[in-house]
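Here is the structure we will look at, set down as structure tokens.
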Amino acid sequence: MPKLTAHPFARPFLQASMSPSPRPKSILFPSLSLGDRLLVFRRRLLSSSFPASSVQSPFMAGGDVGSHDRGSVAMAYEEALNCLSSLITRRTRADGTNNGDEFDLLFDYLKMLELDESLSQLKVIHVAGTKGKGSTCTFTESILRNCGLRTGLFTSPHLIDVRERFRLDGVDICEEKFLAYFWWCWERLQEKTNDDVPMPTYFRFLALLAFKIFTAEQVDVAILEVGLGGKFDATNVVESPIVCGISSLGYDHMEILGNTLGEIAGEKAGIFKRGVPAYTVPQPDEAMPVLKDKASQLNISLQIVSPLNIELLKGQQLGLHGEHQNINAGLAVALSSTWLKKTGHAEGMNLDETTCLPEQFVRGLATATLQGRAQIVPDPLLQIQNESLSKGGLVFYLDGAHSPESLETCATWFSHAVKEDSQQSDSFREQTARNDNHQSDSLEEQTARKILLFNCMSVRDPQLLLPPLINTCARNGVYFHKALFVPNHSVFNKVGSHATPPTDPQHVDLSWQLTLQRAWENLTSDKGVGNHKVSQEIRRADLSNTRDTMNSSVFPSLQLAIKWLRESAQLNRSTRFQVLVTGSLHLVGDVLRLLKK
């Protein structure tokens with residue numbers, strides 16, 4: 001891989017105060033422009049006499065940052081993302097035939113970055129799984145942060161900005177610190193790698209960056225979510241975590257992890273370490289014996305955790321919605337309790353009591369947040385334009401489910417959520433009518449239309465993904481009136497924050513979306529699952545540039561699909577459009593990005 005070099009002004013070595021200590025009040029080089037300050041700090045960071053953790057940010061060194069300097073920051077960030085994009089490669093199965101995709105190279109990278117010793121001191125909670133590992137990590141981080149600990153959380157993938165993967169004390173790392181640590185790692189790896197030890201691949205670099213951030217920031221606890229699999233995942237270079245856990249297992253990434261639940265469980269169990277407590281949740285019959293056997297080989301006891309009893313929340317609700325989150329919350333409680341006990345932070349908390357939870361745990365579980373998982377977002381544009389949303393509106397229900405099991409869970413959550421939304425809307429309209437002289441207007445009949453906005457990666461089988469979604473919704477009395485299929489807005493081989501798809505709809509490859517549409521039509525025809533036939537027509541917005549049928553449409557871009565939904569909501573003000581966005585975390589992130597604009 002060629003060495004990438006950038007102009008020092010476009011690629012600054014930024015250094016925000018890289019320790020928990022307060023920001024220095026001194027002003028260095030106040031008369032220099034930002035570009036000159038960046039050059040000075042670049043040289044200082046390259047000098048061995050100035051360790052990364054002691055250098056002040058050039059953005060803090062000269063007072064206000066003008067519009068020109070803000071442009072330099074944006075350039076610096078885009079340049080970093082371009083470099084990061086250069087590390088993306090085709091994913092291959094890591095197994096014994098290729099030494100875990102050269103897994104041992106990770107130990108070389110740690111030495112190059114002088115992280116081997118500091119990483120061994122990091123007090124890690126390591127979590128793998130197919131479903132719920134991100135939620136489990138989020139709950140765990142929130143619990144421990146509410147216990148007064150300084151936390152670091154590394155998760156994947158990101159939805160909008162790569163900085164979401166690195167959270168310090170529950171907040172995404174700021175651009176300053178991200179750039180500082182990014183270039184600190186990049187420069188050293190560019191200098192020391194060679195043909196025998198090439199630059200790390202995309203996710204491996206991100207994991208190494210997380211190790212650098214968490215060690216330099218001196219976090220009390222680092223919660224690491226496995227990216228893919230377990231045994232050969234970059235996070236598994238951590239040799240002595242405090243505790244590890246495996247969330248619910250299912251079929252996903254089979255082209256890499258194996259075709260059976262047993263094979264997949266074997267890969268996930270690769271994070272187990274001798275002498276390290278291990279926890280899991282109830283698993284399929286094919287998977288659990290594999291996990292137990294791996295634990296037995298390492299002479300550790302695998303503890304099976306029951307779902308959280310919601311009565312322990314003392315009337316509060318979990319911060320992450322959906323009944324399935326009780327499973328993840330139960331695992332998070334077990335991981336947090338064990339970590340606190342093993343690290344000597346359990347003083348004053350009765351962690352062995354099974355009939356109640358410490359107040360810090362309850363607060364952590366209730367305030368946990370995670371974008372793109374069972375998330376409900378009313379369309380902000382229509383909220384601004386419409387004064388009365390009680391009669392209609394446009395609401396997005398976002399969940400990044402992308403496996404058969406997780407889509408079934410997603411469908412259960414969506415079904416309950418739209419019913420609750422309808423009940424709240426009816427109650428609101430009735431209350432409005434009682435206070436309104438024009439009751440006939442206030443009680444105008446409201447209808448609801450369920451729309452599916454869907455995409456998934458082409459390695460997945462829609463014949464496996466769509467039936468659990470359709471059938472589970474139908475069992476709960478929820479039917480989709482239309483399905484919209486779109487290509488992802490994201491550019492998969494680029495991490496740039498402003499990446500955009502082709503603007504000409506004629507030049508967009510929609511072959512995969514048409515395949516999804518055909519699968520949907522087959523499943524919802526009279527021969528298949530059977531679709532709900534609506535008795536009342538709604539006014540139709542423009543569907544030009546789409547491949548449209550009665551039950552589905554293929555749009556050449558996500559923007560056009562959102563535009564159609566907004567126009568439909570405007571044309572049908574007494575109709576509430578409830579849009580489930582699922583099938584891909586990339587799609588969920590793209591929708592969130594567009595809604596925030």
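Here, residue 1 is the first one in the sequence, and each next residue gets the next number. We use all heavy atoms of the structure for the numbers below, so side chains are in, but hydrogens, waters and symmetry mates are not.
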State plainly whether the residues Asp169 and Arg150 are in salt-bridge range, i.e. N to O under 4.0 Å.
yes

Would you call Arg167 and Asp172 a salt bridge, using N to O less than 4.0 angstrom?
yes

Looking at [atom1] of [X] and [atom2] of [Y], how far apart are the two atoms once the value is rounded to the nearest 0.5 Å?
X	Y	atom1	atom2	answer
Glu408	Trp413	CD	CH2	15.5 Å
Thr140	Arg145	OG1	CZ	11.5 Å
Ile304	Leu331	CD1	CG	12.0 Å

Ring centres under 6.0 angstrom apart (Phe211, Tyr109)
no

Any side-chain heavy atom of [X] within less than 4.5 Å of one from [Y]?
X	Y	value
Phe139	Gln325	yes
Leu452	Leu484	no
Met349	Leu340	yes
Leu465	Asp461	no
His402	Met457	no
Leu357	Leu365	yes
Val221	Ile242	no
Thr235	Glu225	no

Does [atom1] in [X] sit with more than 12 non-hydrogen atoms of other residues, nucleotides or ligands closer than 6.0 Å?
X	atom1	answer
Lys273	NZ	yes
Asn350	CG	yes
Glu239	CD	no

Check Gln517, Arg518, Lys482 against Ser552 for a side-chain hydrogen bond (donor to acceptor under 3.5 Å, both in side chains) and give me the one that passes.
Gln517

So which pairs with a foot in residues 311-321 pass side-chain hydrogen bond (donor to acceptor under 3.5 Å, both in side chains), sequence neighbours left out?
none

Knowing that exactly one of Phe454, Phe414, Tyr397 qualifies, which makes a ring-ring contact (aromatic ring centres under 6.0 Å, His included) with Phe480?
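Among Phe454, Phe414, Tyr397, the one that satisfies the ring-ring contact (aromatic ring centres under 6.0 Å, His included) with Phe480 is Phe414.
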
Test salt bridge (Lys or Arg N to Asp or Glu O under 4.0 Å) on Asp352 and Lys341 and set out the steps.
CA-CA 10 Å; Asp352 296 320; Lys341 292 175 184 177; 2.7 Å; yes

Determine, stepwise, if the pair Phe232 / Phe203 fulfils ring-ring contact (aromatic ring centres under 6.0 Å, His included).
CA-CA 12 Å; Phe232 296 118; Phe203 185 79; over 10 Å; no

In terms of ring plane angle, is the pair Phe485 and Trp520 parallel, tilted or perpendicular, where the classes change at 30° and 60°?
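Plane angle over 60°, so perpendicular.
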
